[in-house]
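Each chain gets a letter, A, B and so on, in the order the sequences are listed, and its residues count up from 1. Computation of the quantities below employed the complete heavy-atom set of this structure, encompassing side-chain atoms and omitting hydrogens, waters and symmetry-equivalent molecules. These numbers come from a predicted model, not from an experiment.
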Amino acid sequence: MKKLTKRNENYSKWYNEIILRANIAEKSDVRGCMIIKPYGFYIWEKIKSILDNILKYTGHENVYFPLLIPKSYFSKEYNHIKGFAKECAIISHYRLKNYKNKNIIVDKSSKLEDELIVRPTSETIIWNSYKRWINSYRDLPILFNQWANIIRWERRTRLFLRTSEFLWQEGHTAHSTKKEAINQAKKILNIYTNVLENFMAIPVIQGIKTDSEKFAGAEKTYCIESIMQDGKSLQIATSHFLGQNFSKAFDVRYSTEKGNKEYVWATSWGISTRLIGAIIMTHSDDNGLILPPKIAPIQIVIIPVYKTQEQLNLIEKLVFPLKKFLEKIGINIKYDKRIYYTPGWKFNEYEIKGIPIRITIGKKDIDRGTVEVVRRDTLEKKYISINKLKFLIPKILSKIQDNILKVALKRKNNFLIEVDSYEEFIEKIKKNSGFLFAHWDGSSETETKIKVETNATIRCIPINLKKNMGKCIFSKNLSKQRVLFAKSY
RNA sequence: CGGGAUGUAGCGUAGUACGGUUAUCGCGCCUGGUUUGGGACCAGGAGGUCGUAGGUUCGAAUCCUAUCAUCCCGACCA
């Protein structure tokens with residue numbers, strides 16, 4: 001097997017190769033849809049279980065709504081469907097028939113009167129139910145979450161970053177006050193930030209989308225953006241304050257304590273399998289994937305090096321108790337004694353897969369009472385005495401977790417550049433230099449012109465970065481604060 | 001939807017200008033043996049309706065027509 005394409009030679013080729021070679025996913029015969037393989041799906045399951053626990057702990061409940069949505073529901077919220085109309089899959093028939101021999105055709109007599117839309121997101125079908133479930137202030141808040149797949153008919157797709165079908169989590173909440181709904185949207189943004197930074201080691205920037213970039217149907221879209229190694233921005237999560245748009249469209253009112261009828265306030269929010277793309281592009285290097293220990297399906301791999309059965313027996317006398325001990329404290333270990341692959345082959349294989357720690361044990365080690373321990377993030381090789389090993393392993397795992405966050409954080413800060421002239425802006429954006437932090441006059445016209453001329457968009461109006469007055473780099477008009485421009489995935 | 005290109009084994013490919021034995025090579029796969037501390041080696045083996053359909057011809061991967069699919073560039077993209 002040959003080496004991976006290097007990142008600085010062809011970043012997107014490197015990205016595609018790493019997914020195939022690490023056995024995370026592959027393209028399917030269905031255009032724009034991918035097959036997520038066990039190793040990749042395990043990463044998704046880890047992310048899912050971490051977030052799911054936090055959501056449950058903070059009072060959210062999981063539900064499941066149908067995949068298919070009657071077309072008529074969509075027409076109730078015009079702004080919302082406008083954003084999705086061009087990428088909806090429609091079910092118009094429900095039966096096949098055998099034409100001649102093996103030629104299967106659609107049975108035209110099975111045409112549906114009210115066609116069904118494969119969900120691009122579930123606001124409409126969920127709000128149709130909220131109408132029946134919400135009558136009183138006592139019914140609120142409703143904090144529902146759904147783990148599901150959705151379809152958006154994308155013209156151009158990339159594994160994990162933009163696929164026609166993807167897996168996600170969509171939260172849909174209903175509240176009695178505007179303030180509570182806004183707080184909910186912000187709270188979710190913080191939960192996402194926590195999962196990203198503390199578990200996936202991906203440093204992020206919290207912000208608000210401009211009108212042109214916000215979710216169709218939302219009053220305000222909060223978002224999380226992250227910068228990838230190549231200097232392009234990736235939208236990682238969104239949390240929408242929907243105002244009363246859906247409650248008005250679906251006529252969802254509740255009786256207040258005083259007996260008045262009020263429309264309820266809403267939020268929706270989601271993260272998707274796109275996060276797997278973010279992990280790859282945040283942490284990995286030219287040797288392959290680098291996974292944060294907290295979400296790695298396998299945290300440690302042990303590779304025996306042996307010539308005879310007697311040697312293998314000696315090795316296993318050490319390996320089995322160690323494996324048992326570490327598994328007991330919640331560490332996932334793989335012991336790979338396959339004889340038909342050489343140790344050298346395995347070293348490369350597990351490097352591509354990004355397994356945080358590799359332990360090699362051979363006759364030499366047994367004689368010396370040590371094993372060889374290699375960290376995936378630094379590729380640093382150490383010999384550690386067998387006695388100390390079981391206590392040091394958890395420490396090394398947490399060091400790796402900290403270190404890759406630190407590296408990513410440093411890169412993010414280097415990519416964050418203040419720019420005060422349009423000339424400099426154009427020059428930097430040509431080189432994909434990351435987030436350009438520049439003054440903007442707040443108008444959609446300026447935003448569009450900059451986009452047309454430079455291909456850069458306003459990724460967000462940051463929440464936590466300093467605010468000061470200035471002049472718009474494009475129009476020279478007054479600007480209240482700097483915003484983040486970047487090229488994005 | 002506009003412009004360009006490509007379809008040959010699981011993957012990557014040679015062969016196509018100018019039609020002519022049994023369609024080339026590498027990786028991977030299977031069997032046996034030797035190996036095993038950074039992608040081992042030797043020997044043998046399996047695997048193809050050359051995207052699909054039609055046409056021209058004594059003869060088509062190669063020429064013609066249609067069709068399908070994919071990729072790239074653009075447009076579009078909460």
Side-chain angles (χ1 to χ4, degrees), chain A residues 1-5 10 12-13 16-17 20-21 26-33 77 79-88 103 119-124 150 152-158 161-164 166 168 170 208-223 235 237-242 245 268-272 274 287-288 303-309 311-312 315 336-353 358-368 370-374 379 381 383 451-452 455 457 459-460 488-489:
Chain A
M1 285 284 250
K2 55 177 195 256
K3 297 224 179 237
L4 282 173
T5 297
N10 188 337
S12 62
K13 198 172 172 199
N16 283 325
E17 277 180 16
L20 293 176
R21 297 277 296 277
E26 58 186 54
K27 287 186 179 170
S28 77
D29 288 343
V30 185
R31 186 195 152 81
C33 297
E77 222 297 49
N79 282 331
H80 176 247
I81 187 55
K82 219 169 51 179
F84 289 110
K86 288 181 201 155
E87 46 189 54
C88 284
N103 192 8
R119 65 178 162 227
T121 178
S122 302
E123 275 81 0
T124 55
I150 62 171
R152 294 176 188 177
W153 212 263
E154 298 288 350
R155 292 284 172 90
R156 265 175 106 169
T157 58
R158 302 194 64 184
L161 301 177
R162 175 168 276 111
T163 46
S164 288
F166 59 87
W168 77 344
E170 48 178 325
I208 297 165
K209 285 289 182 190
T210 61
D211 281 350
S212 67
E213 296 274 336
K214 78 173 185 200
F215 176 62
E219 293 277 302
K220 204 174 211 185
T221 291
Y222 297 91
C223 67
Q235 176 178 300
T238 48
S239 179
H240 315 289
F241 168 59
L242 301 173
N245 291 343
S268 70
W269 27 275
I271 54 112
S272 72
R274 178 182 271 188
N287 297 319
I303 298 167
V305 181
Y306 60 98
K307 289 195 169 102
T308 63
Q309 185 62 40
Q311 286 177 5
L312 183 63
I315 289 166
D336 185 357
K337 67 167 177 180
R338 291 178 297 176
I339 190 79
Y340 42 91
Y341 289 113
T342 61
W345 187 90
K346 292 176 190 172
F347 296 162
N348 287 286
E349 174 71 6
Y350 292 113
E351 237 159 66
I352 287 177
K353 289 194 134 110
R358 184 185 79 224
I359 295 172
T360 309
I361 304 183
K363 189 171 177 303
K364 289 183 215 164
D365 301 289
I366 292 173
D367 294 344
R368 282 193 304 243
T370 62
V371 299
E372 182 191 277
V373 177
V374 180
L379 296 175
K381 207 177 262 190
Y383 295 90
K451 184 183 173 179
V452 169
N455 236 343
T457 51
R459 301 319 306 151
C460 68
S488 71
Y489 277 100

Base, sugar-phosphate, or nothing: which does A:Ile339 touch, judged by heavy atoms less than 4.0 Å apart?
base
Using the glycosidic torsion, which applies to B:A17: syn (within 90° of 0) or anti (everything else)?
syn
Between B:U21 and B:G7 - C1' atom distance, rounded Å:
27 Å
Given B:U36, B:C29, B:G38, identify the nucleotide with an atom nearest to the side chain of A:Pro343.
B:U36
When the C1' atoms of B:G48 and B:C25 are considered, how many whole Å apart are they?
15 Å
Taking the C1' atom of each, how far is B:G20 from B:U62, in whole Å?
11 Å
Mind calculating the distance between CZ (A:Arg31) and P (B:G51) to the nearest angstrom?
21 Å
In whole Å, I'd like the distance from the CG atom of A:Leu312 to the C1' atom of B:U36.
13 Å
Can you measure A:Leu20 atom CG to B:G10 atom P for me and round it to whole angstrom units?
17 Å
Whole angstroms only, please: what is the CD-C1' distance between A:Glu87 and B:A75?
15 Å
Measure from the side-chain heavy atoms of A:Trp345 and tell me the nearest of B:G38, B:C76, B:G39.
B:G39
Interatomic distance at P, B:C1 relative to B:G12, whole Å
28 Å
Please identify each residue that fulfils side chain to side chain contact (heavy atoms under 4.5 Å, CB included) with A:Ser488, with sequence neighbours left out.
A:Ser233, A:Thr457, A:Arg459
Just call it for A:Lys363: base, sugar-phosphate, or nothing, with non-hydrogen atoms closer than 4.0 Å on any strand.
base
Is there a donor-acceptor pair closer than 3.5 Å between any side-chain N or O of A:Lys346 and the backbone N or O of A:Asp336?
yes
Can you tell me the distance, in whole Å, between the OH atom of A:Tyr340 and the P atom of B:U36?
19 Å
Nearest to the side chain of A:Glu154, heavy atoms from C-beta on, is which of B:G39, B:G38, B:C77?
B:C77
Roughly how many Å apart are B:A60 and B:U52, using the C1' atom of each and rounding to a whole number?
16 Å
Does B:A40 have its OP1 or OP2 closer than 4.0 Å to a side-chain nitrogen or oxygen of A:Thr342?
yes
Give A:Glu213 one of three labels, base, sugar-phosphate or nothing, depending on what nucleic acid heavy atoms sit under 4.0 Å from its own.
sugar-phosphate
For RNA chain B, stems built from three or more consecutive Watson-Crick or G-U wobble pairs below 3.5 Å:
B:1-7 with B:68-74, B:10-12 with B:25-27, B:29-34 with B:40-45, B:51-55 with B:63-67
Comparing A:Phe84 and A:Glu351 on RNA chain B - which has the more 5′ nearest nucleotide:
A:Glu351
B:C29 to B:A23 separation - P atoms, rounded to the nearest Å
26 Å
Describe the nucleic acid contact of A:Lys381 in one word from base, sugar-phosphate, nothing, applying a heavy-atom distance below 4.0 Å.
base
Spacing of the P atoms in B:C42 and B:G59 (rounded, Å)
45 Å
If you round to the nearest 0.5 Å, how far is CD of A:Glu123 from CD1 of A:Ile81?
11.0 Å
Consider the side chain of A:Phe347, meaning its heavy atoms from C-beta on, and name the nucleotide among B:A40, B:G38, B:A75 that approaches it most closely.
B:G38
Output the single nucleotide from B:U70, B:G38, B:C76 whose closest atom is nearest the side chain of A:Val374.
B:G38
Would you say the side chain of A:Arg21 and the base of B:G39 hold a donor-acceptor pair, judged only by whether the two atoms sit under 3.5 Å apart?
yes
Kindly point out which of B:G39, B:C71, B:U36 is positioned nearest to the side chain of A:Lys27?
B:C71
Out of B:A75, B:G39, B:C77, which has the shortest distance to the side chain of A:Ile352?
B:G39
Ignoring hydrogens, what is the shortest heavy-atom contact between A:Lys209 and A:Glu213? Give both atom names and the distance.
CD-CB, 3.7 Å
Distance, P atom - from B:U16 to B:U57, rounded to whole angstrom
24 Å
Tell me whether A:Glu372 is salt-bridged to A:Arg358, with the criterion being a basic N under 4.0 Å from an acidic carboxylate O.
yes
Within less than 4.0 Å of OP1 or OP2 of B:U36, is there a side-chain N or O belonging to A:Arg338?
no
List in chain and number order the residues that pass salt bridge (Lys or Arg N to Asp or Glu O under 4.0 Å) with A:Lys220, two or more places apart in sequence or in another chain; answer none if no residue qualifies.
none
With sequence neighbours left out, the residues meeting salt bridge (Lys or Arg N to Asp or Glu O under 4.0 Å) with A:Glu17 are none
Starting from P on B:U36, measure out to OH on A:Tyr306 and report it in whole angstrom.
13 Å
More 5' along RNA chain B: A:Phe215 or A:Lys364, using each one's nearest nucleotide?
A:Lys364
Who are the salt bridge (Lys or Arg N to Asp or Glu O under 4.0 Å) partners of A:Arg155, not counting sequence neighbours?
none
Side chain A:Arg358 and base B:G38 donor-acceptor under 3.5 Å
yes
Measure from CG on A:Asn348 to P on B:A40 and round the result to the nearest Å.
8 Å
List in chain and number order the residues that pass side chain to side chain contact (heavy atoms under 4.5 Å, CB included) with A:Ser272, two or more places apart in sequence or in another chain; answer none if no residue qualifies.
A:Phe166, A:Trp168, A:Arg274
So A:His80 and A:Phe215, would you call those rings parallel, tilted or perpendicular, with 30° and 60° as cut-offs?
perpendicular
Between CD of A:Glu349 and P of B:G38 the distance, given in whole Å, is 17 Å
